[in-house]
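Step one of this worksheet: look at the structure below.
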Protein chains: 2
Amino acid sequence: MAATIRDVARVAGVGLGTVSRVLNNSPLVSAATRQRVLAVMAELRYNPSQIARNFALGKTLTVATIAPFFTRPSVVERLRGIEATLTASGYHLVVFNVEAVERRDECLREAVRNDRADGLLLVSLAPRPDEAVALREAHLPVVLIDTCAEGLPGVSIDDVAGGHLATSHLIALGHRRIAFIGDPETDPLTFNFTSSRDRMLGYQQALAAAKLPLNPAYERHGLHGRYEARVLARELLHLPEPPTAIFAASDTQAMGVLEAARDLHLPVPEALAVVGFDDIDIAEYLGLTTVRQPLFESGARAVELLFLLLSGAAPPPAERLPVELVVRRTSMKNR
Amino acid sequence: MAATIRDVARVAGVGLGTVSRVLNNSPLVSAATRQRVLAVMAELRYNPSQIARNFALGKTLTVATIAPFFTRPSVVERLRGIEATLTASGYHLVVFNVEAVERRDECLREAVRNDRADGLLLVSLAPRPDEAVALREAHLPVVLIDTCAEGLPGVSIDDVAGGHLATSHLIALGHRRIAFIGDPETDPLTFNFTSSRDRMLGYQQALAAAKLPLNPAYERHGLHGRYEARVLARELLHLPEPPTAIFAASDTQAMGVLEAARDLHLPVPEALAVVGFDDIDIAEYLGLTTVRQPLFESGARAVELLFLLLSGAAPPPAERLPVELVVRRTSMKNR
DNA sequence: CTGTTAGCGCTTTCAT
DNA sequence: ATGAAAGCGCTAACAG
């Protein structure tokens, strides 16, 4: 049905190799023949079969990305960065959205078993040691985003510094009773995923640096989500000595905190200051003070690292992107 | 390096075909040989090459999705539905995010030229007539989501009914001066993309049905976005006779309206009622009254239709999913 | 039931 | 500079 390279060769009266060479812009073909071949291609409406080419080359020009929770705005923003960079180089992006542990494991296993992608991007997901081994054995290049793992290239941020930034901002505002709301301390889905934990670490360090007491009752953990954070915040605010400020490990969770404040008719920032993390799109709308991290860029940069790997370079070291405090209404000076 | 089907055949002492049959769970192989082959496969750590299989089969087990604006929560939700359904059937999802007209055209052209996907899903994007022809000629099955086009299968909603629903709700609440904010009336990116226009049509019909005057000054159009809608809403609210209610063609735009109300210190819903469209995740948080449409399901259903096409069935007719009014704080009874 | 053979469409030697 | 030929790893007839 569709014309093949063979048809082109026959009609143009040249050999198979020559057509292939024209296809690949090889300099080893005279201008005259090239013109003729090109003409025949146009005449026959010839389309090179990508799939045959992939097969012959042993490459797919495709990169797979596994990410938990498409729905999180921060993840979507990273994906945008990935897609833009990949597409600009003619690569395709196939995505996997994992919302349960079994799927996480299965996706990773599939990615290794199949040769349907030349490389793998892992968002907020670190391979377990055994998975890392399998990846290496399959010669499947991987770049991590938003996590780190021994010996694997990745792009992340300094979450400890970010947590420190948020907390010392609140301290500078005069707050003394500052609480933290973050993800569960261990989560099988995001194995080894330390961003919430590190942000808490930064929070603790900032408190310590200001000689403020660490109150375990002020540290709450729950599933990443507005609703869960709202419940936790309500608990905090019902404490005999409630916090005057809450640092949430993500903007989504900060939104839950704002809801809780609204539930209890606590004016923000007067009665409660709130700081989030990520600076997702909606943060500006909410007037939410937050720690901004370069989400789009993290995806773009990860793709660049993957290309390096694909070109045969040695695994580059993990990179850190900068964070920045963005002060908005929810943490204005009020004391 | 990696074991091939040939190695397995040799070691197991069987023919190539037998191994292939085992691979494909053909019943035409005795339990005994199957066991033996399976054992050798395990021993050799054999992984069938998907890419070779794709080549031989002339299929990619991949579906491409082109969508404008990843960032829109409604689009993300549809993608979730697509991914879940596709992955459940062993298909891969490759995504293209188009944010400019040129990219839109290029992606579509590429999708037709390449054979890197077995089918195509178009979100909020209708092919131009010439593109539709090219699609057909390339035998590339397409399903539309959130749009309609002559003779192409798709899943959408009744936007006119949705607009009517929203508007008559406001009318029932006692509103007489109701404005509309929607997307530009023509947009080269989303060619033929009529959802905003149809919602306005429903709005107009509801007004007419209630014998309310159609005031052209109450119909505003701007780029889909919070900021743009905020500007438009501010204009509306500065009119000599400002509307007491605004129906926005999307929740995102409704958020802009809420911002404008806040800017002008207009209490919602007392001084201004607001209704959006889509019922994205954040709508509940905002207490936004809106018209809910099944976003996840639209993606899932589109994949099912595509599978039908892929299995050689005749193009099914376009489908409509139901819409539903969700009343929340921004449109409580107040007059 | 099973082995053999002929491609799928392209890239890539290797001669010429 | 160009043609011929040998695969890439698998599927799918085709004989047995």
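Here the structure is a predicted model, which means the values were calculated and not measured. In the text below, chain A, chain B and the rest are named by the order of the sequence lines, each starting its count at 1.
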Which listed nucleotide ([options]) is nearest to the side chain of [X]?
X	options	value
A:Leu57	D:dC10, C:dT12, D:dT2	C:dT12
A:Ser20	D:dT2, C:dG9, C:dT12	C:dT12
B:Thr33	D:dC10, C:dT2, C:dT11	C:dT2

Tell me: [atom1] of [X] to [atom2] of [N], nearest whole Å?
X	N	atom1	atom2	result
B:Asn54	C:dG7	CG	P	22 Å
B:Gln35	C:dC1	CD	P	15 Å
B:Arg36	C:dC1	CZ	P	15 Å
A:Arg10	D:dT2	CZ	P	20 Å
B:Ile51	C:dG9	CD1	C1'	12 Å
B:Arg6	C:dT5	CZ	C1'	11 Å
B:Asp115	C:dC8	CG	P	15 Å
A:Asn24	C:dT13	CG	C1'	14 Å

No-hydrogen, no-angle side-chain donor-acceptor test under 3.5 Å, [X] and [Y]:
X	Y	result
A:Asn25	A:Arg34	no
A:Asn54	A:Arg116	no
A:Ser156	A:Asp146	no

Any side-chain to backbone donor/acceptor pair from [X] onto [Y]? Under 3.5 Å, distance only.
X	Y	answer
B:Glu131	B:Arg128	yes
B:Asp118	B:Leu61	yes
A:Thr4	A:Arg6	yes

_Can you see if the side chain of B:Arg53 gets near the phosphate of D:dT11 - specifically, an N or O under 4.0 Å from OP1 or OP2?_
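Answer is yes, contact under 4.0 Å.
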*Check whether any side-chain N or O of B:Ser49 sits under 4.0 Å from OP1 or OP2 of D:dC8, and answer yes or no.*
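B:Ser49 to D:dC8 OP1/OP2: no side-chain N or O under 4.0 Å.
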*If we require ring centres under 5.5 Å and near-parallel planes under 30°, does A:Phe55 stack on C:dC10?*
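So A:Phe55 does not count as stacking on the base.
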*Nearest-nucleotide wise, let me know which of A:Pro48 and B:Ala31 is further upstream toward the 5' end of DNA chain C.*
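Looking at DNA chain C, the more 5' nearest nucleotide goes with B:Ala31.
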*Report the distance from atom CZ of B:Arg78 to atom OG1 of B:Thr65, rounding to the nearest 0.5 Å.*
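Here the interatomic distance stands at 12.0 Å.
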Using the 3.5 Å cut-off, write out each protein N or O paired with an N or O of nucleotides 4-7 of chain D and the distance between them.
none

